Number of protein chains: 2
Amino acid sequence: MTTRTAPGPRERLLDAARRLTYAQGVGVGVDALLKAANVARRSLYEHFGGKDGLIVEVLRLTTAEDEEWYRRTMRAAGDDPRARLLAVFDGLAEAIDAPEFRGCRYLAADLAVADPDHPCHAVTREYRERVHRLLEEELRRLGHPRPEHAATQLLLLVDGALAAGATRPGVDPAGCARELAEHVLDAPGHGAS
Amino acid sequence: MTTRTAPGPRERLLDAARRLTYAQGVGVGVDALLKAANVARRSLYEHFGGKDGLIVEVLRLTTAEDEEWYRRTMRAAGDDPRARLLAVFDGLAEAIDAPEFRGCRYLAADLAVADPDHPCHAVTREYRERVHRLLEEELRRLGHPRPEHAATQLLLLVDGALAAGATRPGVDPAGCARELAEHVLDAPGHGAS
DNA sequence: AACCATATAGAACGGTTGATCTACCCGTCA
DNA sequence: TGACGGGTAGATCAACCGTTCTATATGGTT
């Protein structure tokens, strides 16, 4: 039963780690995490087995949230598949404009963790597959002739927008990506006059 | 005078750092760099003042090389601006296919170094501006109605392709990006029949 | 031959890392 | 009342971090 009480050490740790690993990368020190979460050292190792376990759990949590963000964003955009897909880029624009925006946390994690067998890569990979399927499904509803290919293109635009948003302040990457996304959606062949 | 003799400690360090910081990120240890370069500890601090100095110098070096790569790739593609711009994405496909490919080193550096005042950010930022100008100039030659905007879009496609190439093995991000790049180049209004 | 800049090799520094451990505190439930 | 699980606080550990140091070797110049 998950009643609404004061958050325990586990939740505090997850919340602090979500913020700190995004702001400073997965290289944050354990001490900083403990201090930010106001949690005893021991609790970390009891709940997550170590720093790596905490990081992977944070990724699991945020991927689930972000996937839900895609669903919510599209749901709020109505029924038209085209509008729903373009709404993703409008939402992206907002996210990039946020002062704490620092790029895609999953790309950052993948680039920062050199070991290809580290469990965090499996989490990020599955997340991308889920988003890809989400987009693909919507493209199918739109009647797109190549939904899988187009989904890959949209995902590339999302990644590009997040990267540009993190590295080129002052431009409007989401807007740029949105224009290109329109070209993706307007592929010939799905004759929905 | 820079005759062709056996590479000194400085060059060996730069070469080792270029490889290791790309393979393992800028978080590589000094010991690993020294061992890979077969260089005495002291040489690092005499030549670069410290690890940060070495890293920044590596970024300066590789950005110069990569900018030259853009020029060379476009030069080899002939005179037609359109072919020259699309050739960039063909070259990207090759780079992504290379076994040692691990994404964009500059994006990785920007995401890994949290301190916004770290000198490495200035290097990467200037690099992106230079590439942007390169693309913009070519778009101008093409007679594109919005060369600056289109250059931003092409850069976004490049970043997206590099990101997707690093995180989604099996797909062909450069090919996807190339298709979208064609849409960018085909913007209406530059009446080149 | 003497000198000097430039290497190398490696000890040692203080600080920090992630992880383990002991000691204690407190609310719950038997 | 008493035991116990879960939390805190903090000492402690080995390992590693980037840096500085001394001592020594090498190669070219005067």
Side-chain angles (χ1 to χ4, degrees), chain A residues 1-59 108-109 112-115 117-121, chain B residues 1-59 108-109 112-115 117-121:
Chain A
M1 174 169 185
T2 60
T3 25
R4 172 74 85 114
T5 75
R10 190 187 144 90
E11 286 112 15
R12 272 180 289 157
L13 218 30
L14 281 173
D15 190 60
R18 165 167 41 189
R19 285 184 292 106
L20 280 186
T21 59
Y22 185 58
Q24 312 191 29
V26 294
V28 231
V30 168
D31 290 25
L33 292 169
L34 298 177
K35 177 168 292 186
N38 249 300
V39 149
R41 201 166 210 82
R42 183 173 184 161
S43 302
L44 197 172
Y45 295 91
E46 296 237 333
H47 283 292
F48 302 100
K51 185 194 172 186
D52 276 24
L54 172 59
I55 285 180
V56 171
E57 205 54 35
V58 165
L59 288 178
V113 178
D115 176 13
D117 293 330
H118 192 287
C120 76
H121 296 306
Chain B
M1 176 167 184
T2 61
T3 25
R4 172 73 87 113
T5 74
R10 189 187 146 91
E11 284 100 3
R12 274 179 287 155
L13 258 178
L14 283 172
D15 190 62
R18 164 166 41 188
R19 286 184 291 107
L20 281 187
T21 58
Y22 185 58
Q24 311 191 30
V26 294
V28 231
V30 167
D31 291 26
L33 292 169
L34 297 177
K35 177 168 290 187
N38 249 300
V39 149
R41 202 167 212 82
R42 183 172 184 159
S43 302
L44 198 173
Y45 294 91
E46 296 243 333
H47 283 291
F48 303 100
K51 186 196 172 186
D52 276 24
L54 173 58
I55 285 181
V56 171
E57 205 53 35
V58 164
L59 288 178
V113 178
D115 177 13
D117 293 330
H118 193 287
C120 76
H121 295 305

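This one's a predicted model, so the numbers in the text were calculated from it and none came from an experiment. Because only heavy atoms are used, hydrogens play no part in the values below, and waters and symmetry mates are left out as well, while side chains stay in. The sequence lines fix the lettering, A, B, ..., with proteins before strands; numbering per chain opens at 1.
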*Near-strand residues of residues 22-44 of chain B, defined as heavy-atom separation under 4.0 angstrom from DNA chain C*: B/Asn38, B/Val39, B/Ala40, B/Arg41, B/Arg42, B/Ser43
_Give me the atom names and distance for the closest heavy-atom approach of B/Leu13 to B/Leu44._
CD1-CA, 3.6 Å
*Identify the heavy atoms of A/Pro119 and A/Val56 that sit nearest to each other, and give their distance.*
CG-CG2, 4.0 Å
*Contacting residues from residues 8-19 of chain A, given that a heavy atom lies under 4.0 angstrom of DNA chain D*: A/Pro9, A/Arg12
*For the side chain of B/His121 and the backbone of B/Asp115, is there at least one donor-acceptor N/O pair under 3.5 Å apart?*
yes
*Compare every heavy atom of A/Phe48 with every heavy atom of A/Leu54, then report the nearest pair and how far apart it is.*
N-CB, 3.6 Å
_Donor-acceptor pair, distance only, cut-off 3.5 Å: does the side chain of B/His118 make one with the backbone of B/Asp52?_
no
*With a 4.0 Å heavy-atom cut-off, tell me which residues in residues 45-56 of chain B come close to DNA chain D, sorted by residue number.*
B/Tyr45, B/Gly50, B/Lys51
*Donor-acceptor contact below 3.5 Å, side chain B/Arg12 vs main chain B/Asn38*: yes
*Side chain of B/Lys51, backbone of B/Val28: donor and acceptor closer than 3.5 Å?*
yes
*asked:* Do B/Val58 and B/Tyr22 make a side-chain contact, defined as non-hydrogen atoms from C-beta onward lying under 4.5 Å apart?
replied: no
*How far apart are the closest heavy atoms of B/Cys120 and B/Leu59, and which atoms are they?*
CB-CD1, 3.5 Å
_Over all atoms of both residues, closest heavy-atom pair of A/Ala36 and A/Arg19_ = O-NH2, 4.2 Å
